[in-house]
Amino acid sequence: MTNGWKWVWWIVWALFILLVLPLVAWADNCGSLNDCWGTVGGAAGGAAGAGGALGGMGGGDDEGDGEGDENGDETPAPPAEPESEDQSDPNPCD
Amino acid sequence: MAEPAASSVGPRTPVVISPAAQDALSRLWSVRIPGWLDPYAPQWADAFADGTWTARWGTFPALAPLAAAALGFFFAVFWPWIDYVYSESLVFMGLLIAGALLSGPLGAMMFFGYIVGDFLGDAFQGYYTRAPLGMAGGRLVSYILLGLLAVRVPALARRMAERAPLPVEPTLRLAVRLFLYAAGSALLVFLWCQAMIVLIRPVFTWVRQSPTTEAIMHVQTQWKWLVAMAVVASLARLVLETTTSGSGAGADLVASLQQERWSHVQRRGEFTRRLMGPGRLIVATLVVTLLLSGTYEGWIDPVIVAGIVVFLGAWRYGVIGRLPTGWVSFVRKIPALVRLAVAALVGYVFAYVILWGLWRLGSLRAVAAGSLLTLAMFYLLFPGRRQSALAGGRQRE
């Protein structure tokens, strides 16, 4: 088993324990949907925000591995001219 | 790579620390720490290197990250309005947003300072001995969410502003960048606030407590202040960065630090690249499942959510099918800010339909369903690298 996989299993095991073992009080406070939001629109905003937060972090995946990002774009490169006005490369993969 | 010269310290810089110490600190934030983090956490490395542009100002930016860490620690330990979690303080969240958008190391160090203070405070008060797993799980969720605000939001906002097609004319170009940076920051902070309402709940429910009104109120009803702070900070950042750029010793120092930071680019992501396919999918699934735990009402919920997230992730990584080439090419021509707004809006509509149908049940599971649909929209509009590579007819690995 490589070091990388050992780390994976450590993380998996730790998160499994956190998720499964504690006697979690599942949403028994702010206990219902209606307690948290007064309107359907408000709750939908919360759901969209939560999905956006998960999507914004790459779905929970630390995708910044030096090969690009969730858009398929390249890793940021060292600027040849740091203060140049012409730094934008909208989509290097296109 | 040449060391930044001590003479880079401007003549008008107030002498608080020696020029050598100042240069050492500048290199620490802009080169050394990013170098240490690059193999393991490239996004965090980028956050630290994000402050390189301030190096031209000498002493203040060299010391500011330390002050930010102290500030985060102070808020966690001494701030009287934070009893359980940082979302009880609008001031803390506002300062973190401003710091993170102005200069990456400020946000990152304030984040670390807060975590250290929060952990020590809880440990000394014995909270971890009373309910160690529930406490640790809830805190972990809160730290991940805080890390999103401190590191991910500024990075995404900046990327959206810099990678969009920009006009050639300089003034118009700056204006568009200002708009994109401010709008991106505002939208991301708004989404984060909406997410916090439900995602922060495990801090309380995992230790059998009710969420405090203060923990929810600020992000639910006073998010406008945080969004306004994001707009002001992002505008200030871009204006300062643009107006102070140019030639001279300060510019040379910044250029030198940037070149040195990228001199070991081959080590970037060295560790995370080892976590191929299934390993990364498992980690991603567990993190998403953990973050959504504020919506669970039974033991079966995380299992279902994990199954759905595995499916979505496998699809995103191209393991179980691929998106049509035309779709991938099409969406990648659309600016990321527009895609972000569309994903959130469509996710909102889907969530609204689900919640409208299930409102009488009063179940938070409907929120989880809406969140997963929104996540699917993000995957659809932001195809993963592998999907992009497959669509482009090339694979990098």
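Only this structure's heavy atoms are used, side chains among them; waters, hydrogens and symmetry mates stay out. Sequence lines set the chain letters: A, B, ... in the order given, protein chains first and strands last, and positions in each chain run from 1.
Rounding to the nearest 0.5 Å places OH of B:Y348 at 11.5 Å from OG1 of B:T374. A distance of 11.0 Å separates CG in B:L191 from CG in A:L54, rounded to the nearest 0.5 Å.
Residue pairs that meet the salt bridge (charged side-chain N to carboxylate O under 4.0 Å, His left out) test with at least one member in residues 349-375 of chain B, sequence neighbours left out, are B:D301-B:R365.
With a 4.5 Å cut-off on non-hydrogen atoms, B:L372 does not touch chain A at all. When heavy atoms are compared at a cutoff of 4.5 Å, B:L345 does not approach chain A at all. Of the atoms belonging to B:A343, not a single heavy atom falls under 4.5 Å from chain A. Heavy atoms of B:W356 lying under 4.5 Å from chain A belong to its backbone as well as its side chain.
Using a 4.5 Å cut-off on side-chain heavy atoms (C-beta onward), B:E297 and B:S363 make contact.
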